[in-house]
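Okay, structure first, notes after.
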Amino acid sequence: DAKTTQPNSMESNEEEPVHLPCNHSTISGTDYIHWYRQLPSQGPEYVIHGLTSNVNNRMASLAIAEDRKSSTLILHRATLRDAAVYYCILRPGGATNKLIFGTGTLLAVQP
Amino acid sequence: GAGVSQTPSNKVTEKGKYVELRCDPISGHTALYWYRQSLGQGPEFLIYFQGTGAADDSGLPNDRFFAVRPEGSVSTLKIQRTERGDSAVYLCASSLTAGLGIEQFFGPGTRLTVL
């Protein structure tokens, strides 16, 4: 399974934008890039996913590098509720449907 | 609407005992997944069901672990002869169908402690 690399932790101030990076240099052409987050004492929650083009939804934006070897999850205005572990996951283009989680980035949001 | 529910929320058992963990997926979701999460780690895939059948059980650590989904809805994860190393949060997720772009919805998990 293709591997992702994320910083262990990041800090942000409330109401400021947050850019969470993810490196996936061994990504293959059919791998989708998924982001999930896990708030304290909860199960993971889907955030966004993409293949090649940048994506926007109500929660966040996903910027994918042209060579697809890296991506950035963008939270436009961080709130205290956004404090969580953020996981960048590659989903292979084959038959598997499992998510392979790494250790993620722990985001702290300061008021 | 109701999300994925898991029971019990906490389970404490003794080494060597048998436990069952239950997952109620979102109604109408055909795909169901089990993961487990140890402290400080990301969730680790165990098994995936499409309907009643286990489509991928490659994550089950050994033959003490077994899961069923007899009617294509509720699933039970069964652990025999529990060991202290089985202590973890067991997470269940479901999705409308299986597919690369399909969102998985997770339950709150069952925290299993083996003494």
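- Nearest heavy atoms, A/Tyr46 versus B/Gln104: CB-O, 4.4 Å.
- At most 12 non-hydrogen atoms from other residues, nucleotides or ligands lie less than 6.0 angstrom from CG of B/Leu39.
- Between chain A and the residues B/Pro43, B/Gly40, B/Gly59, the largest count of heavy-atom pairs under 4.5 Å involves B/Pro43.
- Of the atoms belonging to B/Ser58, it is side-chain heavy atoms, and not backbone ones, that fall under 4.5 Å from chain A.
- B/Trp34 and B/Val19 fall within the same hydrophobic cluster, defined by Ile, Leu, Val, Met, Phe, Trp and Tyr side-chain heavy atoms under 4.5 Å apart, directly or through other members.
- In terms of non-hydrogen atom pairs under 4.5 Å with chain B, the most contact-rich of A/Glu45, A/Gln42, A/Gln38 is A/Gln38.
- With rounding to the nearest 0.5 angstrom, the NZ atom of A/Lys98 is 10.0 Å from the CG atom of B/Asp57.
- Annotation: A/Asp67, atom CG; neighbour count of heavy atoms from other residues, nucleotides and ligands within 6.0 Å is above 12.
- Of all heavy-atom pairs spanning B/Ile102 and A/Arg91, the tightest one is O-NH1, 3.4 Å.
- Residue B/Gln6 does not touch chain A at all, counting heavy-atom pairs closer than 4.5 Å.
- Here the closest heavy-atom approach between residue A/Gly43 and residue B/Leu91 is recorded as CA-CD2, 4.0 Å.
- The two residues A/Tyr87 and B/Gln37 have their closest heavy-atom pair at OH-NE2, 3.4 Å.
- Hydrophobic clustering, with ILVMFWY side chains joined whenever heavy atoms are under 4.5 angstrom apart, groups B/Val114 together with B/Leu46.
- By the rule that hydrophobic residues join a cluster once side-chain heavy atoms approach within less than 4.5 Å of another member, A/Met59 and A/Met10 end up as members of one cluster.
- Within a 6.0 Å radius of CZ in A/Arg77, other residues, nucleotides and ligands contribute 12 heavy atoms or fewer.
- The contact between B/Tyr35 and chain A is made entirely by side chain atoms (from C-beta outward), counting heavy-atom distances below 4.5 Å.
- The same ILVMFWY cluster, assembled from side-chain heavy atoms under 4.5 Å apart, contains both A/Ile64 and A/Val18.
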